[in-house]
Amino acid sequence: EAGVAQSPRYKIIEKRQSVAFWCNPISGHATLYWYQQILGQGPKLLIQFQNNGVVDDSQLPKDRFSAERLKGVDSTLKIQPAKLEDSAVYLCASSLGTGVGNQPQHFGDGTRLSIL
Amino acid sequence: AQSVTQPDIHITVSEGASLELRCNYSYGATPYLFWYVQSPGQGLQLLLKYFSGDTLVQGIKGFEAEFKRSQSSFNLRKPSVHWSDAAEYFCAVGAATARQLTFGSGTQLTVLP
């Protein structure tokens, strides 16, 4: 099966600019996750969707980050305006269901964001 | 709140040597435990998982992990490391009723020829 697709792979912007990332999950996977992975750290969940509804966005900095999942398939994550501390790899993952116990997440290769 | 500690930031082993990566978790009930591997420039790949039953679980690429409730540990092992195993390894924990995983900070593995 095709994996989780993300684009772009790399992005360099200046602080205060805006940026958007795109994710296409594995076909049929209802749950989609966006993670932020800062260098030297493990992934941190930003937002979780079940179909096109938000399940958990408690760690999403909503003053600058936004995300949507149109028609319960593809998703975009946007940062506006970007700050230096947003430099990280942004990982998208998907799974069949929401329960951790039975649905290990499948990850995309990520988008590496550098803020100048 | 659940948490995961990977005490070793960086480990170096020689090719062919055995490997053990440590993972300690903090959680009130029986957790769901995972090990993922991340090669440079790539996403995470699931190596193995423990939900219940036999405390020694086998994964892909010759890896295994043992759940020890008394020590709150879930250490990853491999009897003979290959150069292609060089990567970063993440331990993760999730509650049975939770929707998300909590990841450790990772252990970077270097394999010497």
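Below, read A as the first sequence line, B as the second, and so on, with proteins coming before strands; counting in each chain starts at 1. Computed from a prediction, not measured in an experiment: that's the story for all the values here.
A:Gln50 does not touch chain B: none of its heavy atoms, backbone or side chain, sits under 4.5 Å away. Interface remark: A:Tyr35 contributes side-chain atoms only to the contact with chain B (heavy atom separation under 4.5 Å).
Taking both residues in full, the closest heavy atoms of B:Phe90 and A:Gln41 are given as CE2-O, 3.8 Å, listed atom of the first, atom of the second, then distance.
A donor-acceptor distance shorter than 3.5 angstrom exists from the side chain of A:Arg9 to the backbone of B:Gly41, with no hydrogens or angles considered.
Residues B:Leu19 and B:Trp35 share a single hydrophobic cluster, defined by chaining ILVMFWY side chains whose heavy atoms lie under 4.5 Å apart. If you chain together hydrophobic residues whose side chains sit under 4.5 Å apart, B:Val111 and B:Leu47 fall into the same group. A continuous path of ILVMFWY side-chain contacts below 4.5 Å connects B:Val57 to B:Tyr27, so both sit in one hydrophobic cluster. A:Leu39 and B:Val37 are assigned to two separate hydrophobic clusters, defined by single-linkage of ILVMFWY side chains at heavy-atom distances under 4.5 Å. A single hydrophobic cluster is seen to contain both B:Ile60 and B:Val81, as judged by linkage of ILVMFWY side chains at heavy-atom distances under 4.5 Å, directly or through other members.
For the atom pair CG (A:Asp109) and CD (B:Gln38), the distance works out to 9.5 Å, reported to the nearest 0.5 Å. Rounded to the nearest 0.5 angstrom, B:Phe34 CZ and A:Gln105 CD are separated by 8.0 Å. Note that the CZ atom of A:Phe107 and the CG atom of B:Leu46 stand 9.5 Å from one another [nearest 0.5 Å]. How far CG of B:Leu44 is from CD of A:Gln37: 6.0 Å, rounded to the nearest 0.5 Å.
Within a 6.0 Å sphere centred on CD1 of A:Ile12, heavy atoms belonging to other residues, nucleotides or ligands number 12 at most.
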